[in-house]
Amino acid sequence: MGQYLIYLDAAKDIAQEAGTLLREYFFKAGEIFFKGEVNLVTEADTAAQDLIFRRLSKSFPGHDFLAEEGLKELSGSEFRWVFDPLDGTTNFAHRFPVFSVSLGLEQRKKSVCGVVFNPMSGEMFWAERGEGAYLNGQKIAVSKIDDLNKSLVATGFPYDIRETQTNMIHHDHFLLRTQGVRRCGSAALDLCFVACGRFDGFWEMKLNPWDTAAGAVIVEEAGGRITDFQGRPVDIYHPEVLATNGLLHRAMLDVLNAK
Ligand code: IPD
Ligand code: CA
Ligand code: CA
């Protein structure tokens, strides 16, 4: 049991509570707002964010907070919670039951624990730095696939895809070099699926810190590797993310950097 256990336990309880709230919204018609042509925000995103912020700031007054729906309380604390109250809003709004609550904690800019919970499947992933990664209490590890031809990989697309067409070329390259490319619609879950070996790799080009904060530590604690497209150590404030089982990292970097 590690030094961050009190934070991890609190994050698990709060993710569970927020997940229960999201399930309630999922089963009743909620209001959908549009942030952009394809970027949605539902009542549920803001309600879950309010709940998480209320609970975390009560348990840990003085900590900093950064979350997707406009929450930025940065006073210079060494601890910063970086969270996405609902990762997978488009799925949620279309009643596709793949989305998550993602809660990450940084200490002096270093991710120290993460929790990702899918309230529809009941799967909770978590990790604490130095203590391994878990799915519902069972230790998890990345896959052992070392040949891209035998791999299943995943990606996601940014909301400005219609203007930028970002990532379509990488998508096509991987489609021709792997056994398949999946697009789940929740980057936090994609990272956890790498951590537990369902996916052998995942890349995305325009992620935000709240998408990666929890999943990055979960991947690393499961024995995986997570970097940018140059192979530099993960920085959740940098938009490019490549997470793999480690064995495929070089091969995936090569595809991403192919001319
Ligand atoms: C999105 C999801 C999606 C990814 C997008 C994210 P949101 O987050 O993680 O899988 O492809 O880039 O913005 O908006 O549903 O919280
Ligand atoms: Ca997100
Ligand atoms: Ca979100």
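Residue numbers start at 1 and run along the sequence shown. As the structure lists them, so they are numbered: ligands from 1, and atoms in each ligand from 1.
At under 3.5 Å, a nitrogen or oxygen of Asp84, whether backbone or side chain, sits near a nitrogen or oxygen of ligand 1. The N/O atoms of Thr90, backbone and side chain alike, include none that comes under 3.5 Å of an N/O atom in ligand 1. The shortest N/O to N/O separation between Ala187 and ligand 1 falls below 3.5 Å. Note: an N/O pair closer than 3.5 Å links Asp87 and ligand 1 by distance alone.
Only the backbone of Ser186 comes within 4.0 Å of ligand 1, judged by heavy-atom distances. Of all the heavy atoms of Trp210, none lies under 4.0 Å from any atom of ligand 1, so neither backbone nor side chain is involved.
When Gly185, Ala154, Gly156 are ranked by how near their heavy atoms come to atom 10 (O) of ligand 1, first place goes to Gly185.
Close contacts of ligand 1 with Leu86, meaning ligand atoms under 4.0 Å from a residue heavy atom, involve 16 (O). Contact atoms of ligand 1 toward Thr89: 15 (O) (distance under 4.0 Å to a heavy atom of the residue). Interface of Gly88 with ligand 1, defined as ligand atoms under 4.0 Å from a residue heavy atom, comprises 7 (P), 15 (O), 16 (O). Residue contact check: Glu204 has heavy atoms under 4.0 Å from atoms 4 (C), 5 (C), 11 (O), 12 (O) of ligand 1.
Judged purely by atom type and a 3.5 angstrom limit, Glu221 uses its side chain to pair as donor or acceptor with the backbone of Gly130. Between the side chain of Asp64 and the main chain of Gly76, a donor-acceptor pair closer than 3.5 Å is present. Looking only at distances, no side-chain donor or acceptor of Asp84 sits under 3.5 Å from a matching main-chain atom of Asn208. In this structure, Asp228 contributes its side chain and Val241 its backbone to no donor-acceptor pair below 3.5 Å.
Here Phe79 and Phe60 keep their ring centres 6.0 angstrom or further from each other.
Aromatic ring pairs are classed by plane angle as parallel below 30°, tilted from 30° to 60° and perpendicular above 60°; the pair Trp81 and Tyr7 is perpendicular.
Around the Ca ion (ligand 2), the protein contributes the following N, O or S atoms under 3.0 Å, ordered by chain and number: Asp84 OD2, Asp87 OD1, Asp211 OD1.
Ion pairing of Asp50 with Arg54 is absent here, as no side-chain N (NZ or NE/NH1/NH2) approaches a carboxylate O to less than 4.0 Å.
Among the candidates Arg129, Lys110, Arg225, the single residue satisfying the salt bridge (Lys or Arg N to Asp or Glu O under 4.0 Å) test with Glu220 is Arg129.
Pairs engaging residues 174-197 under the side chain to side chain donor-acceptor pair (under 3.5 Å) rule: Asp87-Ser186, Ser100-Ser186 [sequence neighbours left out].
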